[in-house]
Amino acid sequence: MAKIKLVRFEIAAILEESRRLIDFLRLCGTTELSSVPEADGLLSYQTDSLCESFERKSEMIEKCVAALEKYCEIKKPFLSSFSDCTEIELQDYRSVCDGADELMLVCDKINNLCEKISFENGEIIRQQTLIDYYKPWEKLDIPMSCVRTQNSSVFIGYFKEELSKDEIIARLASSAPEIDGVAVEVISSDKSQTCVCVFCFHEDKAAIEAALRENGFIKPDNPAKTLPSAAIGKCEKAIAECKDDIGKYSLDIASFASFYNKIRLLSEYYSNQAEKYRAVSRAATSERAIYLEGYVPERDSEQLKFEIERRFTAQMDVYEPDYEKDDVPVLLENKPFASGVESISNMYSPPSNNDVDPNPVMSFFYYALFGLMLSDAGYGLLMVIAALVAKFKLKFSGERAKTVSFIFWCGISTMFWGALFGGWFGDLIPTICTHFLGMEKGPDLAIWFTPVENSMKLLMFSFAFGLAHLYAGLAIRFYMLARGKQWFAAFCDVVPVMIFVAGFAAFGSSLLVQVSPAVKSVGTKLLLVGAILIVLTSGRSSKNILGKLGGGLYGLYNTATGYLGDILSYSRLLALGLVTGVIANVVNMLAAMFSNVLLFVLVFLAGHTVNIAVNLIGTYVHTSRLQYVEFFSKFYEGGGRIFTPFKLNLKHFKIKEDIIND
C-alpha cells in the first residue's frame, strides 16, 4: 500500500574523493549503507576508537552547553522546550565544522571555569561542614584543643545523649567517688548530644579520664586550635570568598554567551561524526578505490546516480535486491492521517517485505476505536486544541509531527463519538443548568443515544464495529494471497471464515436482543454453511481422508473459539466508554455539591484532569491491544526492519537547503 520500493546500489569511487563522497551521501540523507562483503584485496576501516573520541568530545561539549544555559541569560520562547529544530543555512553548519578546533578551545575555557566553580562549591560544602561541626562549641571560651591549664587538666568532648550538669557530676561521682575536685561546664545540649568541658586537678587526671570514658565521653576528632567562635568566623569568611570567586567565574562563563548556538551545533557535529565513521566502517577500500553498498528509494536512485557521477570520479550501479538473501529494509510513506499510527505498528513489529503496510487501514479503525473508548467531546476538544497549537506554533517535523497528527485525529474521533453520545465533560452542561441556572432538567445533548441509559445498545454496536474490524483484517489477508496468485488459498482461508462469523454474529445477537425471525434464520444457515466449508477446506494439506477430516474439525474448533473470543474482546469499547462517562458525571456531581462557583471550578479541573489522564492511558493501551491481537493476527507477519537513512541527525537544528541540488 504505502511502502516505498527500495533498490540496491553499489558505488565505486577513487580513494582521494572518499571523504567528499561520504559527506555528500550523508547530506543527501536518502541512502542506507550496508557492509561490503569481504573479498580479496579489500580492507575495511577500523573506526571504533575514532568514534569513541568523537562521542567523548560531544559529551564534553554538552557540559559546556549546560553551563551556558545555567550562567547566561539566553532568551528562549515560552514553548521552546517543546519546539522542534531551528532552521539554519548549510553554510552555518559548514562554518562550525571548519572552525571546530577554535570552538573546542572556547569549550575548554568554559569547562575549566566550570571545574573551578565545582571546586569552590566543594570548598563551600567543606567549610559549611566545619561550621556545623564547631557550632555546638561556639560558646566555649577556650580552644577546643586545650588539654591543660597551669593548675588543672581539661577534658573537652561530648556524650551521645542529652544530660544536665548535675547528671554528669553524679555519674562522675559514682565512677570515681574518691575524687572531689571536679568542675563541669555544659557548652550545649540537645537530644542527640551534650557538649561539655570538664576540669580537674592534675593528680586526678587519670581517674577522671577513666570515669569519663566509662560514661561514654568522646573527644572531638578535629578540635580547633583556636576559639570555636573564631574558627566559625574563619569558615564563614572562606565561604564568602568562595562565593565571590564563583560569581567571578560565572561572569566569565556568561561572556561566552554569543557562542551558545555554535557550541550547541558543534556538539551535534561531533555526534554526527561518530555516526559517520560507524557508517564508514561498512565500506571497503583497495589501494586506489572505495566501495560502498546499500539501499536507496527507487524514486531517488536516478537523480542520485546522476549527481554522484557528475560530482565525483565514481560509478554507481542500481539493481533489484534479492529479497530471499538480502536483509532489505522497509520504508513507509503515508499521509498525515495514516502516518500517525506508524509508531503503533512499529512498536508491535515493522512490516516485512511480504506484508502490506497496515497503517492506512489500521488508522481508520484505531482512531474510531480510540474515540469510542474515550467518547467525551470535551476531552477530544482539548486534544485537538493541543495538537493544533503544536502544529502551528511549534512546527514539528518528522516523528514529532506524526505524534501531533496522531493526537489530532484521536481528538477528532473522540469529539465525534462524544457528540453522538452527548458527553461534554460528562454531563457538565445539564449540571450547570440544574444547579446554577435553576432549571428543573438540563438539555439532552446526545445526538444518537446516551450510553449510560442504553448500555445494551452500545454493547451490540461495539460487537458490530468489532466485526467490521475483523472483516477488514480478513480482507487484507485475501488481498495478500490473491496478490501472490494464490486464489484457491485466498478463498479457503478467508471466505468460509467470513461466512461462519457472519452467521455466528447474526445467531448470537438473537440470544442477546430481540431480532426478526428472518435474521435468526439467515444467521443459522450462514453458520451451517460456513462450518461445512471450514471442515472441507481447513485440512486440505493432509494427504488422506482422515487427516483432512481431522484437520477440518480442528480448524472449525479453532475458528469458533478464536473468533468468539475476538468478538467478545470488543466489549471493552462499552466498558471504557462507560467508565469515562460515569467518572466524569461523578466529578460534576461532586463539584456541584459546593454552591461556591470557585470551589466548583477547582473540583471540576482537578477531577477531570485525573479522569482524562487515567483514561487516555487506558484507551491507548486497549486500542493498541485490539490492533495487535484481533486485527494483526488475521494477516500480519511483521519482523521487518525500518529503513534507516545515512544522514545528518541534528536534534536542535534543521538545514534549509535541498542538498542534492546544492
Side-chain angles (χ1 to χ4, degrees), residues 1-8 298 320-334 338 345-346 348-365 467-505 526-563 565-567 627-641:
M1 292 182 181
K3 289 166 64 176
I4 304 302
K5 184 178 179 181
L6 299 175
V7 292
R8 192 163 178 82
E298 185 180 40
E320 288 287 328
D322 187 338
Y323 289 98
E324 297 296 328
K325 296 180 179 180
D326 299 335
D327 181 22
V328 184
V330 175
L331 175 60
L332 305 179
E333 185 177 90
N334 290 293
S345 57
N346 290 340
Y348 177 82
S349 180
S352 69
N353 286 290
N354 296 323
D355 285 318
V356 298
D357 179 9
N359 296 299
V361 176
M362 186 183 79
S363 57
F364 168 77
F365 286 101
L467 189 63
H469 193 209
L470 298 176
Y471 266 43
L474 288 170
I476 295 175
R477 178 170 179 77
F478 186 92
Y479 165 79
M480 291 175 62
L481 291 170
R483 183 185 60 178
K485 308 300 182 183
Q486 302 179 54
W487 294 102
F488 183 68
F491 174 84
C492 294
D493 290 349
V494 176
V495 175
V497 175
M498 284 186 165
I499 295 174
F500 180 82
V501 172
F504 180 82
L526 288 175
L527 185 63
L528 182 60
V529 171
I532 293 173
L533 289 175
I534 290 172
V535 171
L536 292 176
T537 58
S538 294
R540 63 183 184 276
S541 59
S542 298
K543 296 182 178 180
N544 57 73
I545 189 65
L546 292 178
K548 292 179 182 295
L549 179 61
L553 293 174
Y554 183 71
L556 177 62
Y557 172 78
N558 278 343
T559 302
T561 56
Y563 279 87
D566 288 346
I567 293 174
Q627 311 306 318
Y628 296 158
V629 178
E630 276 69 39
F631 186 60
F632 281 174
S633 63
K634 306 301 177 288
F635 67 95
Y636 196 61
E637 178 181 330
R641 181 174 65 82

With a 4.5 Å limit on heavy-atom distance, are the side chains of Phe500 and Leu527 in contact? yes
Considering all heavy atoms, the nearest Ala502-Tyr471 contact: CB-OH, 3.1 Å
Evaluate the side-chain proximity of Met480 to Asn354: yes if any heavy-atom separation is below 4.5 Å, no if none is. no
Taking the six-membered ring for Trp, are Phe632 and Tyr348 ring centroids under 6.0 Å apart? yes
I need the minimum non-hydrogen distance between Gly640 and Ser349, along with the two atoms involved. N-OG, 4.2 Å
Side chains of Pro321 and Leu6: does their closest heavy-atom pair fall under 4.5 Å? no
Using a strict 4.0 Å threshold on nitrogen-to-oxygen distance, state whether Lys634 and Asp493 make a salt bridge. no
Could you tell me whether a side-chain N or O of Tyr636 sits under 3.5 Å from a main-chain N or O of Asp355, the two making a donor and an acceptor? no
Does OH belonging to Tyr557 count more than 12 external heavy atoms closer than 6.0 Å? no
So which heavy atom on Ile476 is nearest to which on Val356, and how close? CG2-CG2, 3.6 Å
When every non-hydrogen atom of Pro496 is compared with those of Leu533, the smallest separation belongs to CB-CB, 3.6 Å
Lys548 side chain vs Arg540 backbone, donor-acceptor pair below 3.5 Å: yes
Would you mind reporting whether Val330 and Asp357 have side-chain heavy atoms less than 4.5 Å apart? no
Quick check: closest heavy atoms across Ala482 and Trp487, and the distance to 0.1 Å? CB-CZ3, 3.5 Å
I'd like to know if the side chain of Asn353 reaches the main chain of Val328, judged simply by a donor and an acceptor atom lying under 3.5 Å from each other, with no hydrogens or angles considered. yes
Step-by-step side chain to side chain contact (heavy atoms under 4.5 Å, CB included) determination, Lys3 to Leu331: CA-CA 6 Å; Lys3 289 166 64 176; Leu331 175 60; over 6 Å; no
Heavy atoms of Ile534 and Gly555 approach each other most closely as CG2-C, 3.8 Å
Any donor-acceptor N/O pair, Ser352 side chain to Gly639 backbone, under 3.5 Å: no
Just so I know, are the side chains of Ser363 and Asn334 near enough to count as touching, which here means a heavy-atom distance under 4.5 Å? no
